[in-house]
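The next block holds one structure in the form of structure tokens; read it before the comments.
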Number of protein chains: 2
Amino acid sequence: MTQPDTTSQAEVGAAYFRLFNEIGIIAQLSRTLLEARLPKGIILPHFSVLNHLIRVRDGRTLMELASAFQVPKTSMTHTVGGLEKAGFVTVQPNPADKRSKCVFITSEGRTLAAGAVTALGPDVAELAQDFPLERVQAMLPQLEALRTIMDAKRG
Amino acid sequence: MTQPDTTSQAEVGAAYFRLFNEIGIIAQLSRTLLEARLPKGIILPHFSVLNHLIRVRDGRTLMELASAFQVPKTSMTHTVGGLEKAGFVTVQPNPADKRSKCVFITSEGRTLAAGAVTALGPDVAELAQDFPLERVQAMLPQLEALRTIMDAKRG
DNA sequence: CTTGTTTGGTCCGATATCGAATTATATAGT
DNA sequence: ACTATATAATTCGATATCGGACCAAACAAG
């Protein structure tokens, strides 16, 4: 009996599908929201990388960044290239491994990220009126757990 | 006192940012997972549209589809064009409004979507071992609420 | 030390995405 | 009815994304 209770296999699949569908749409919405507050030409992946460098640590390699965001390394090369050309990061060879490069955020990069966070303040405040912080805090552990599990399956 | 309790403004923003960051990564992971089971050349947006036509109803217009997934209409034109060329949908003029067109799924389209769902069965089952259905069911209403609220703000 | 394999990164070509401008139809205001 | 505005969709150009091929350094095995 691999189907012990009243929930059919198809219904189970449908629930997971709805989950990922909702997540996909929210990702899309939040992306649009953020990009409306970023300078022209700077998009979500740029901001995400800058923020990662600030939050986690400076000097991550391209591969570390790519796996942190679960994107192909070619995409990360392109994203970092754009940030470098715009002067928001510098890229330096890794003395510990000559194959790899380390990405450092510049003060311009920090300014950009901080400015975006500030610009988003009112949007967050407005959202918090309808979807309060407690609900976010309740969801976060669940999402983190799901992310970790999925990460592990396709490491 | 717009800052009544112990949680600072910055910390509040950080929580929402982490929320959207997790959601973005999960969206990315689920996309990769799905596309691994789809025929070459068919990607998430294609599948999403087919599924929407099945779940919600046949004959939606391009704008309805675009707003359902919160993507620009130009992107939806492109996506539906690909589906049409591949024979998974047909597009017909809308008799009620000559500006718009209605998208209908073909039997090939239904077959494709059903096949993908079947192919994903084992993946879902495996995921369900580590992240069981109850947790999904607990999260879904929260995500739907958040999606609805964000939808409303940027309708 | 050599050879085979793995790993970090880039380059290239194909497709996806999206904003701006355009066309055609619909709707509103007078 | 007539003009103004709004809406559905497409086209076009610019950029993003990604898979495959490639190169160079690291590492493993003999």
Side-chain angles (χ1 to χ4, degrees), chain A residues 24-25 27-49 59-86 89-103 154-155, chain B residues 24-25 27-49 59-86 89-103 154-155:
Chain A
I25 294 172
Q28 181 72 32
L29 283 161
S30 65
R31 177 177 188 148
T32 303
L33 203 66
L34 170 67
E35 291 181 350
R37 304 293 182 214
L38 288 175
K40 174 122 176 173
I42 302 298
I43 59 179
L44 172 66
H46 299 131
F47 178 76
S48 298
V49 166
R60 298 303 89 199
T61 68
L62 290 178
M63 274 308 291
E64 284 172 326
L65 293 171
S67 72
F69 296 107
Q70 292 293 319
V71 298
K73 55 188 177 177
T74 56
S75 304
M76 191 51 67
T77 295
H78 183 81
T79 299
V80 169
L83 284 170
E84 187 182 21
K85 185 150 52 179
V89 302
T90 61
V91 180
Q92 294 171 13
N94 182 358
D97 184 340
K98 291 179 185 171
R99 290 170 303 180
S100 66
K101 300 177 176 177
C102 299
V103 184
R154 294 257 161 179
Chain B
I25 293 172
Q28 181 73 30
L29 284 162
S30 65
R31 177 176 187 147
T32 303
L33 202 66
L34 170 67
E35 291 181 350
R37 304 292 182 216
L38 288 175
K40 175 120 176 176
I42 302 299
I43 61 180
L44 172 66
H46 298 132
F47 178 76
S48 298
V49 167
R60 298 303 88 198
T61 68
L62 290 179
M63 272 309 290
E64 284 172 326
L65 293 172
S67 72
F69 296 107
Q70 292 294 318
V71 297
K73 54 189 176 178
T74 56
S75 304
M76 192 52 66
T77 295
H78 183 81
T79 299
V80 169
L83 284 171
E84 187 183 21
K85 184 150 50 178
V89 301
T90 61
V91 181
Q92 295 170 14
N94 182 359
D97 184 340
K98 291 179 185 172
R99 291 170 303 180
S100 67
K101 299 178 176 177
C102 300
V103 183
R154 294 258 159 179

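Below, read A as the first sequence line, B as the second, and so on, with proteins coming before strands; counting in each chain starts at 1. Heavy atoms only: backbone and side chains are in, while hydrogens, waters and symmetry mates are out.
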With respect to the side chain of [X], which nucleotide from [options] is positioned closest?
| X | options | result |
| --- | --- | --- |
| B:K40 | D:dA16, D:dG20, C:dC18 | D:dG20 |
| A:K101 | C:dG9, D:dT17, C:dA26 | C:dG9 |
| A:M63 | C:dG8, D:dT7, D:dA9 | C:dG8 |
| B:P72 | C:dC18, D:dA16, D:dA26 | C:dC18 |
| B:R31 | C:dA20, C:dG8, C:dT17 | C:dT17 |
| B:Q28 | D:dA9, D:dA16, D:dC18 | D:dC18 |
| B:S100 | D:dA9, C:dG9, D:dT17 | D:dA9 |

How many whole angstroms separate atom [atom1] of [X] from atom [atom2] of [N]?
| X | N | atom1 | atom2 | value |
| --- | --- | --- | --- | --- |
| A:E35 | D:dA16 | CD | P | 10 Å |
| B:E84 | D:dA9 | CD | C1' | 13 Å |
| B:F69 | C:dC18 | CZ | C1' | 18 Å |
| A:L38 | C:dC18 | CG | P | 15 Å |
| B:L62 | D:dT11 | CG | C1' | 14 Å |
| A:I42 | D:dA16 | CD1 | C1' | 13 Å |
| B:L44 | D:dG19 | CG | P | 13 Å |
| B:L65 | C:dT17 | CG | C1' | 17 Å |

Answer yes or no: does a side-chain N or O of [X] lie under 4.0 Å from OP1 or OP2 of [N]?
| X | N | value |
| --- | --- | --- |
| A:T74 | D:dC18 | no |
| A:H78 | D:dA16 | yes |
| A:T77 | C:dT10 | yes |

Query raised in the report: Hey, which of these two, A:P95 or A:V71, hits DNA chain D nearer its 5' end, going by closest nucleotide?
Result: A:V71

Report summary line: Rounded to the nearest 0.5 Å, the OG atom of A:S48 sits from the CD1 atom of A:I43 at a distance of 9.5 Å

Query raised in the report: Base, sugar-phosphate, or nothing: which does A:D97 touch, judged by heavy atoms less than 4.0 Å apart?
Result: sugar-phosphate

Which heavy atom of [X] sits nearest to which heavy atom of [Y], and what is that distance?
| X | Y | value |
| --- | --- | --- |
| B:Q28 | A:Q70 | CG-O, 2.9 Å |
| B:T61 | B:S100 | CG2-OG, 4.1 Å |
| B:M76 | B:V71 | CE-CG2, 3.8 Å |
| B:P45 | B:R31 | CD-NH2, 3.9 Å |
| B:L44 | B:E35 | N-OE2, 2.9 Å |

Query raised in the report: Quick one: does B:K73 reach the base of D:dA9 with a side-chain donor-acceptor pair under 3.5 Å?
Result: yes

**Report entry** Upstream residue (5' side of DNA chain C) when B:I43 and A:M76 are each assigned their closest nucleotide
**Finding:** A:M76

